[in-house]
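Remarks on the structure that follows.
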Amino acid sequence: MVFQPWRAIPGKTLLLLLNLFSAVALVYEGYNQGVYGSVSGTSGFINMSKLATNSDGAVTDTTKQGGLAAAYYFGAMFGGFIGGWAGDRFGRKKGAFMGAILSLLGSALQAGSVNTNMFICARVIAGLGIGFINVLIPSWVSELSEAHDRGSNFSLVFVANFLGIFLANWINFGVRTSNTTFQWRFPLGFMCIPMLLVAVTVVMVPESPRWLMAHHRRQEAVDILCKIRGDRDVHDESIAREVELLEAVVEASYHKRNDYLNIFLGGRYSGKLHFGRRAILGLALQQIQQWTGILVMVSWAAKLFELSGFDSYKSSWMSGLLNTFGVIGTAAAALVIDRIGRRKSLQISFIIQGVSLFLVAALLKKSEDYAVTNPSLSHAIGTAGSAFTYSFVFFFCMFNIVPCWIYGTEIWPQEVRAKGYSFTILGWAIGCGTTTFVIPIMLGNIGWWSFIFFGAMNIVVMPIIHFFYPETAGRSLEEVDLLFASDSPFVSANMAEYDRRVAEAGGSIAVAARKLLDEVDGATDLDPRRTSVHDAEFGMSKKLEAEVESK
């Protein structure tokens, strides 16, 4: 008999433990982002990787320094797609286990590296692993969660993400006085712990019900749903409804428009569903997030504070404190993410981030001007500039990080969510890879002008969100397809098309969504299996509408 210890755990407790499991997996990703900036500035790492060309031990080859950081994201670009395929082929559990082993191996090799080539290979292996994790864990959380608490679950996940950055900074601070080898090998080796926990515990958690249903293991899927919904009876009406909808979703996933290649080629089989556009929106949103200044704050915070005139000791602990603010801000996101919506949250964040970055740049410039003639004034101005980094990180985490990650899951129908989310992870990998490559070069060559650039990027992206990104907060899964039904990429045109279709359906969103799918599939050439899906979805919709009206 298969080892299934989760059956002995109360249902609500099991769901909590599943969220904690996913949080531990995402701690690794945040830690990896936060650890390299400080580690790459230690004398032991500089000697190992040959980042200095002179005898004073300071980094002189910033291009190589950025390239070593970017290798991790190069691996993640491929890991996301391979992980999505592996998760569909072998199951979410096995896919997550593969990702954990790759991440564990990559972390161990980074800590044990003896030259640049070994370190690059280790970074790529770790990147492949985090690609698996980033695609499968959020999708797994989505598949195990009920619709009403999906947003709060994501907030929990990304508190863990920033907690990883927080740990990286404080560990780097804690080992700063150790011997030169321990200063960089221990922080890199510590990355193994989260992935070791994931690899050990993944065998003890239940598989995704959606994957089980897709592989003709219906009874197991039903058992898991009954358990995580609070130990309900198999004949419970809510379980029956969820199973019916789950079967419909699984059948829908066989349509050729849901293939990776079709989405990559622009969604030519998706017609009015415009899967290609959705892939671009998810990918672009992650690009936007990375180019609006967050990585220069969290990954290179110590260098930033050195530019403000602080010594290495103070720069190190201020960097840790900065990311502590990030943990608090991410937790605060749960208070606003559903109340004000994704679009408004992002626009608020861009305004605050842009202003903060411009003020940081201006105050750093003035601090430099007075560094020789009036050192005390220079230090006071540098301190003021540093203060605005805290406002940036806090409000970024409160208004930006969760919308950028959750949006990529909300814009896809359930049957193609994991595959569609792979394109969001691709955007994250490209964005992080390019910015981590150029940031040390920018800081080393143009200093405070770097913050002017990232501040300007916040202003540039505001109209992109306004014109091209429909609001998904408060929308049911049925409405998602209707939000992209227009051939125009503009939000205004899509909302007009949404209103037209709902009005033609007599105000019923369920009917409008069904008609759209019929139109895409072709009313005269509809796959019988697809028809059953429509009927199941439509029947579920009518039941839910009746329940709402009765209440």
Side-chain angles (χ1 to χ4, degrees), residues 24-52 57 59 61 64-76 79 99-134 160-199 295 298-303 312 316 319-320 323 432-433 436-437 439-440:
V24 170
L26 268 296
V27 163
Y28 175 88
E29 195 277 314
Y31 187 94
N32 212 320
Q33 281 190 310
V35 73
Y36 178 78
S38 296
V39 160
S40 65
T42 62
S43 59
F45 184 86
I46 291 171
N47 291 334
M48 182 278 294
S49 56
K50 305 293 189 295
L51 293 179
V59 174
D61 193 346
K64 185 177 183 180
Q65 185 184 28
L68 293 178
Y72 171 68
Y73 301 102
F74 177 78
I101 294 300
L102 286 169
S103 298
L104 182 60
L105 176 62
S107 299
L109 290 174
Q110 285 181 71
S113 292
V114 296
N115 55 47
T116 302
N117 291 336
M118 182 176 177
F119 190 77
I120 290 174
C121 291
R123 293 283 286 176
V124 172
I125 292 170
L128 286 169
I130 201 59
F132 276 67
I133 296 298
N134 277 355
N161 180 272
F162 229 91
L163 181 62
I165 301 173
F166 162 88
L167 288 172
N169 279 275
W170 283 114
I171 288 174
N172 279 323
F173 176 74
V175 301
R176 72 194 183 284
T177 58
S178 304
N179 66 68
T180 56
T181 299
F182 191 81
Q183 282 178 15
W184 70 273
R185 292 197 187 275
F186 177 78
L188 292 175
F190 187 86
M191 287 191 295
C192 296
I193 295 177
M195 282 300 117
L196 181 61
L197 291 174
V198 171
L295 286 179
V298 299
S299 297
W300 303 92
K303 176 66 175 178
S312 59
S316 184
S319 175
N323 290 293
C432 289
T436 53
F437 177 74
I439 285 171

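Note that the structure is predicted; figures quoted are calculated from it, not measured.
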After noting the C-alpha distance and the side-chain angles of I133 and E29, does the key distance pass the side chain to side chain contact (heavy atoms under 4.5 Å, CB included) rule?
CA-CA 9 Å; I133 296 298; E29 195 277 314; over 6 Å; no

Side chain to side chain donor-acceptor pair (under 3.5 Å) partners for T116, two or more places apart:
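Applying side chain to side chain donor-acceptor pair (under 3.5 Å) to T116 gives K64.
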
Set out, in order, the CA-CA distance, both residues' side-chain angles and the distance that settles side chain to side chain contact (heavy atoms under 4.5 Å, CB included) for L102 and I130, then state yes or no.
CA-CA 8 Å; L102 286 169; I130 201 59; over 6 Å; no

Approximate separation, where rounding is to 0.5 Å, of [X] [atom1] and [Y] [atom2]:
{"X": "T177", "Y": "F182", "atom1": "OG1", "atom2": "CZ", "answer": "10.0 Å"}
{"X": "S40", "Y": "L68", "atom1": "OG", "atom2": "CG", "answer": "8.5 Å"}
{"X": "L109", "Y": "R123", "atom1": "CG", "atom2": "CZ", "answer": "12.5 Å"}
{"X": "L128", "Y": "Y72", "atom1": "CG", "atom2": "OH", "answer": "10.5 Å"}

In a check of side chain to side chain contact (heavy atoms under 4.5 Å, CB included) between I165 and each of N169, L163, L167, which one passes?
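Answer to the side chain to side chain contact (heavy atoms under 4.5 Å, CB included) test with I165 among N169, L163, L167: N169.
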
[Y] backbone acceptor or donor facing [X] side chain under 3.5 Å:
{"X": "Y28", "Y": "S103", "answer": "yes"}
{"X": "R176", "Y": "Q183", "answer": "no"}
{"X": "R185", "Y": "S113", "answer": "yes"}

As a quick check of understanding, evaluate side-chain hydrogen bond (donor to acceptor under 3.5 Å, both in side chains) for Y36 and T436, giving each step before the final call.
CA-CA 10 Å; Y36 178 78; T436 53; over 6 Å; no

Any idea how F190 and Y31 line up, ring-wise: parallel (<30°), tilted (30 to 60°), or perpendicular (>60°)?
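F190 vs Y31 ring planes: tilted.
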
Which pair of non-hydrogen atoms, one from F45 and one from V39, has the smallest distance, and what is that distance?
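In terms of heavy atoms, the two residues are closest at CB-O, 3.4 Å.
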
